[in-house]
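What follows is a single structure, written as structure tokens, with notes after it.
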Amino acid sequence: MRRARVVPALVFLFACSEAPSELLGDAGEPDAGRLAPDSGAPADAGAAPDSGPPDSGGPGDTGVEDAGPAGCTTAPDCASCAADGECCWFSLNCQPGSICNTPDESLYDPTKPEQVCLRVVCTSDAECDPGEQCTLEGLCRPRVCQADDECPSGELCIGGACGAPPSPTEADSCRVVTHRWVLTPGQTLPLEAVVRDASGAPLRLGAAWVSTSQEVARVSGEVVTAGTAAGEATLTASVNTGVPCAGEITVLNLGDLPPQAIRITAQWSDDGAPVAGAPVTVTVAGGAATSLVTGVDGVTRLESPADVASVTVLAEPVIVSIVSPGTRDVVLRVPRPVWSEAGGVRGVVDISATRRADVKLGLVGPAQPQDLLEFGRRPLMGRDPFLSLIDAPELGIEDTAELPGGMLMGLANHAFTADAGRCGAVTPGTGKLGCYLFTVPRDSGAVWSTSGQLRLSQVTSLANDLASLMEGQRSAPVLAEVAWLSRGMYHGVDPQVVLPYGPRVPTDGVSDCADPLLPGYLETCRPDYATYQAHALAADHRPSLHAVVEVPDLPAVSASACADYASAVLVADLGPRGLVPLGLGAASDHQDDRDPRDCRVTGQPRPFEANSADLSDGQLALSVAPPHAGLEGHPLRLVLTASDVEGNSGEARSALVTTLAALGSGVAPTGPFPALPTATIDAMNNRVDLQLEPQAAFVRLELFQTRRRWVVYAPAGSTLTLPDEPAAQGLLQNMTDASVLSVRGADYGRTWVADDAARLDPNRTVEGFAARRVLP
């Protein structure tokens, strides 16, 4: 066997779409490897009804059974001879816009009689049955709810459908998911625990909370309010049927701050734990600097009549500085340096709810950081690559490809990502798609999947693009096309994962993995995958919500070029557990050489499949799953990002953030895109010259030296004088990389107070941000 790069392996794999169909048949599960009728659109994504009988395929793939509908007088080979409601053999028999309602139809409705003609194409709600609506697909679909107030009294919106609330007697387990928090008297914090039934499915049930000190932290329902007494209180929870919730929350009430005092509170960003014993430098107005050390609670203070000019916390190899915080009571979150440790998940994805077809594809990833300013910097499918065996000898394929640990692939009855290295002790069963395995950051408490089964014709033309994407050769057309494919795949989520973190292990058996600053550390020290926890995911929620997103003109990345690509992601905000993507849409400035760049994304023809209307330039199609599996009731954020994917400007991205109560059929974020910032760093004079858009509220500068990192926040301005901290100055003089990010819409003065600092307040007030890499 030879080891190959992913490009030739995948090109060869998808080139086999013209192979004899009998080679693709699945003898183990009827129709599992069937070559479905080709509409050129994703399976079950709203394609036009098949116009003829199913392909004969290979052994075991004969479509509708020979007996046909009992007593049906319709001739099997007649075209458009049966009216809606009349019996049929194939969709060919029905009128245009109708299907023969059989399980092998992509638009099959199990709630309607089988093997009768059923109208599915529409232009308005009036053409649909009660309880259905005419979607942007041009199809009659059951109405999808997104909030409880869309349901009748006494019902809840669960997974997109209204229904009775679950009974507390269904609760089998419970876990606290709110992290440690810092508050001052009168401030509040919502509390949350994930309740599951005996099968492990999340239930929309609340928990009863108890505080060890009502004076420190007073509980009312599922909200805690900081009381009048300073100190710590421990909060525990249980379901009212007596099921206890694992875990607990510590609430630190800082108490009132005396008028002449300055207080600094440092917490780790992943779990809110105190940064104890950290050196702190506080500079007050006028230039006087004081050196302090945080206590076991992460807090330190000093007496001074002057206001704070800057605060620097050293938690080597990470340093954080806040310039002119606008408050004397500063709470800041410090990124935890965990390069010497790792933890993660592995498991299988159940795709039995998706329509069966030849190509199986799954994308699995951790929640994105809750801090939206970090959004897009974490790979959606993790950073762990694995050599996977592409083994289909009857097709002449026996090769290996390096695929991300969060990507699962299969063809007919072959699972290419089901090897022992990925699966460990997990064995994929019937209806399961391979295995995923990837490292999860500490600050992620959820795992999601978009998976499904696609027709060979859908991916054949994208083989080179998909291969380039998996090799890191990202391009606008690639991502736009992959986003189009994802609209035909189902969504699943585990809204709460608890990960044990452990030390990395040497790949050569001898390397020192204790010191992450050693040269070549990440190449010689890998995660201990044997300790990664198993989590089963099910792709069981169709992307049934569709919207047209209005995209402003793409921002300039240079004097002569604009960003070339836009993506829209709808995320459910789970608080400290992170942001879970519910769906992705994308478009590029040009589709081919005949479409010149004009700083506008190109409108897609029939973006929601055969019956939908074309989009105009400046519009983007978005299809997402409704909130489900514990995501219900959480805020929704639409993040619309413009990127310079094909250019040479390095990291360049601009984003608009819109908070939604529900996703409508049209979304128009408040534009224009934030202009990309620039920064010129004068290390010798401790100065940074900035060019920011007029709407910028503050700026974040990041300086890197190998794996050391200095993060500086400051109000927007044309010049930034960096704090004169010796440890940070050493990094500044020897930096290897840098980036600058500007923020629009946030209140910088509120950013560092206790109730907002844990998330830098981005999810509530940030309207947009822009980032660019800065060459040292």
Side-chain angles (χ1 to χ4, degrees), residues 41-46 144 159-160 345 347-357 359-368 375-376 378-382 403-410 417 431-438 440 444 446-455 458-459 462 466 469-470 478-495 497 535-547 567-572 574 578-586 607-609 620-631 636 638-639 663:
D44 200 24
V144 179
V345 295
V348 299
V349 178
D350 187 338
I351 59 171
S352 58
T354 66
R355 185 173 184 264
R356 291 173 291 185
V359 178
K360 281 76 171 175
L361 180 64
L363 309 177
V364 186
Q368 288 284 302
F375 192 85
R378 177 179 299 170
L380 282 178
M381 295 177 288
L403 302 177
M407 173 171 279
L408 294 76
M409 293 181 62
T417 49
K432 308 299 192 298
L433 172 60
C435 297
Y436 62 87
L437 173 64
F438 54 84
V440 175
S444 176
V447 179
W448 59 272
S449 171
T450 295
S451 303
Q453 305 181 61
L454 309 171
R455 296 169 181 164
Q458 296 171 239
V459 295
L462 303 182
L466 286 169
L469 174 67
M470 286 181 272
V478 173
L479 295 177
E481 289 166 338
V482 170
W484 180 82
L485 283 178
S486 71
R487 292 205 297 272
M489 298 194 291
Y490 281 42
H491 192 274
V493 65
D494 185 334
V497 296
H535 283 262
L537 290 171
D540 53 5
H541 281 76
R542 188 176 65 85
S544 53
L545 298 173
H546 310 283
S567 64
V569 182
L570 186 72
V571 298
L574 302 189
L579 307 173
V580 175
L582 289 168
L584 169 70
F608 304 108
E609 315 318 334
L620 179 153
L622 176 66
S623 295
V624 305
H628 63 97
L631 306 186
L636 299 176
L638 179 72
V639 184
L663 181 67

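The figures that follow rest on heavy atoms only: side chains count, while hydrogens, waters and symmetry mates do not.
- Remark: K432 NZ to I351 CD1 distance equals 10.0 Å, nearest 0.5 Å.
- Taking CG of L437 as the reference point, atom OG1 of T417 lies at 11.0 Å (rounded to 0.5 Å).
- Taking the ring centroids of H541 and H491, they lie at or beyond the 6.0 Å cut-off.
- Put simply, the side chain of H535 does not reach to within 4.5 Å of the side chain of V447, judged on heavy atoms.
- Across every non-hydrogen atom of L537 and S449, the tightest pair is CD1-CB, 3.9 Å.
- The two residues A629 and V493 come nearest to each other via the heavy atoms CB-CG1, 3.5 Å.
- In this structure, the side chains of L582 and V571 stay at 4.5 Å or more apart for every pair of heavy atoms.
- Counting heavy atoms from C-beta on, the side chains of V345 and F438 come closer than 4.5 Å.
- In plain terms, the two heavy atoms of G410 and L433 that are nearest each other are N-CD1, 4.2 Å.
- With a 4.5 Å cut-off on side-chain heavy atoms, L408 and L361 do not count as touching.
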Quiz item: Can L631 and V580 be said to form a side-chain contact (heavy atoms from CB on, under 4.5 Å), step by step?
Solution: CA-CA 9 Å; L631 306 186; V580 175; 4.1 Å; yes

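- Put simply, the side chain of W448 never gets that close to the backbone of D494: no donor and acceptor are under 3.5 Å apart.
- Residues satisfying the side-chain contact (heavy atoms from CB on, under 4.5 Å) criterion with A621, sequence neighbours excluded, are R487, Q604, P607, F608, L615.
- A donor-acceptor contact shorter than 3.5 Å is absent between the side chain of S451 and the backbone of A539.
- Shown here for C435 and V348, the closest heavy-atom pair between the two residues is SG-CG1, 3.8 Å.
- What you find for L636 and P627 is that their closest heavy atoms are CD2-CG, 4.2 Å.
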Practice problem: Apply the test side-chain contact (heavy atoms from CB on, under 4.5 Å) to residues L638 and L622: give CA-CA distance (whole Å), side-chain angles for both, the deciding distance (0.1 Å), then the verdict. | Solution: CA-CA 10 Å; L638 179 72; L622 176 66; 3.7 Å; yes

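- Smallest separation of non-hydrogen atoms from S544 and P626: OG-CD, 3.5 Å.
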